[in-house]
Amino acid sequence: MRHAGIAETMKPYTGIAPVYDSLLRHVDYQEWYEYILSLMNRYAPGAETILELGCGTGRFGSKFSNAGYTIYGIDRSMEMLRVARTRAFMNFRIFCADITAFHTARKIDFIFSVHDTMNYLVTRSEVMRLLRCVRECMHDDSVFMFDITTEHNIYRNFDGKTSRHVIRNSSVEWSNSYDAKSRLVRSVLRVERDGAAEEEEHLQRIYAVDEMKSMLEAGGLALLGVFGDFSLDPPTEDTIMINFVARRA
């Protein structure tokens with residue numbers, strides 16, 4: 001057995017998967033779902049099929065499924081999908097896949113990726129690979145919606161901060177740092193349970209709106225709107241997350 005003082009290095013979203021939902025219990029997923037749904041109804045009215053990129057533990061998938069939509073969720077973390085499997089009923093199906101290298105057998109009406117999943121793509125080439133995959137699974141009326149976290153959010157809530165959480169039989173230490181020059185956020189999560197410790201590092205890149213607009217255009221997608229947080233207003237300097245909506249150019 002590993003001693004709690006010596007942590008085994010794990011891939012992101014491995015050790016924290018069983019406690020992820022409890023770790024983020026402060027997140028209002030219902031409000032978030034209603035916002036995503038409002039954008040879908042605004043830009044892709046009549047959408048029936050939905051694809052979530054980076055579905056994690058399936059919180060959104062179960063909500064869309066319960067509302068009668070057919071939704072597919074993909075994620076590359078098998079550990080997160082094991083949790084999502086407990087929610088994958090009715091019209092919600094999950095698959096283990098890389099969001100920068102996937103293919104769908106049918107065209108999808110509405111594709112979305114939230115909770116700063118896009119920030120985990122730390123190079124332009126990774127973002128472009130995802131956009132190519134997205135474009136291939138779209139028809140002319142399909143819509144792609146995604147968000148990115150902001151530098152303001154990182155400075156306000158994460159840079160230089162460490163939080164500690166006790167969840168059932170586990171303890172989680174979450175430390176964050178931000179390098180403004182490289183624009184990389186480094187998060188280290190240390191999970192201790194049953195006398196053993198696991199540690200995983202998460203890297204994210206902060207993107208400017210103009211950078212993302214440029215990549216969307218290069219990826220053959222036309223921008224329909226850019227919004228701040230859960231609104232239809234443009235982002236401001238105090239925005240926590242920026243939402244993009246696009247379709248095939």
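Worth knowing before you read on, the calculation uses all heavy atoms, side chains too, and leaves out hydrogens, waters and symmetry mates.
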Asker: Under 3.5 Å, side-chain donor or acceptor atoms of residues 122-130 against the rest of the protein: list the pairs with distances, not counting sequence neighbours.
Answerer:
from: T123; atom 1: OG1; to: S125; atom 2: OG; distance (Å): 3.1
from: T123; atom 1: OG1; to: E126; atom 2: N; distance (Å): 3.2
from: T123; atom 1: OG1; to: E126; atom 2: OE1; distance (Å): 3.3
from: E126; atom 1: OE1; to: V122; atom 2: N; distance (Å): 2.8
from: E126; atom 1: OE1; to: T123; atom 2: N; distance (Å): 3.2

Asker: Using a strict threshold of under 4.0 Å (side-chain N to carboxylate O), is an ion pair present between E192 and R190?
Answerer: yes
Asker: Quick one: does T150's side chain have a donor or acceptor within less than 3.5 Å of a partner on T239's backbone?
Answerer: yes
Asker: Taking only residues two or more places apart in sequence, or in another chain, which ones meet H115 in a ring pair (Phe, Tyr, Trp, His ring centres under 6.0 Å)?
Answerer: W32
Asker: For F227, check ring pair (Phe, Tyr, Trp, His ring centres under 6.0 Å) against everything at least two apart and list the hits.
Answerer: none
Asker: Could you list the donor-acceptor pairs under 3.5 angstrom formed by side chains in residues 87-95, with sequence neighbours left out?
Answerer:
from: R87; atom 1: NH1; to: D21; atom 2: OD2; distance (Å): 3.1
from: R87; atom 1: NH1; to: T57; atom 2: O; distance (Å): 2.7
from: R87; atom 1: NH2; to: D21; atom 2: OD2; distance (Å): 3.0

Asker: Looking at E200 and T14, would you say the former's side chain and the latter's main chain have a donor-acceptor pair under 3.5 Å?
Answerer: yes
Asker: Are the side chain of N66 and the backbone of S62 linked by a donor-acceptor contact shorter than 3.5 Å?
Answerer: yes
Asker: For E151, enumerate each residue passing the side-chain contact (heavy atoms from CB on, under 4.5 Å) test, keeping only those at least two apart in sequence or located in another chain.
Answerer: Y155, Y178, I206
Asker: Tell me whether E201 is salt-bridged to R186, with the criterion being a basic N under 4.0 Å from an acidic carboxylate O.
Answerer: yes
Asker: Applying side-chain contact (heavy atoms from CB on, under 4.5 Å), name anything that partners Q30, two or more places apart in sequence or on another chain.
Answerer: D28, Y33, E34, K63
Asker: Output yes when R59 and E52 qualify as a salt bridge under the 4.0 Å nitrogen-oxygen rule, no when they do not.
Answerer: no
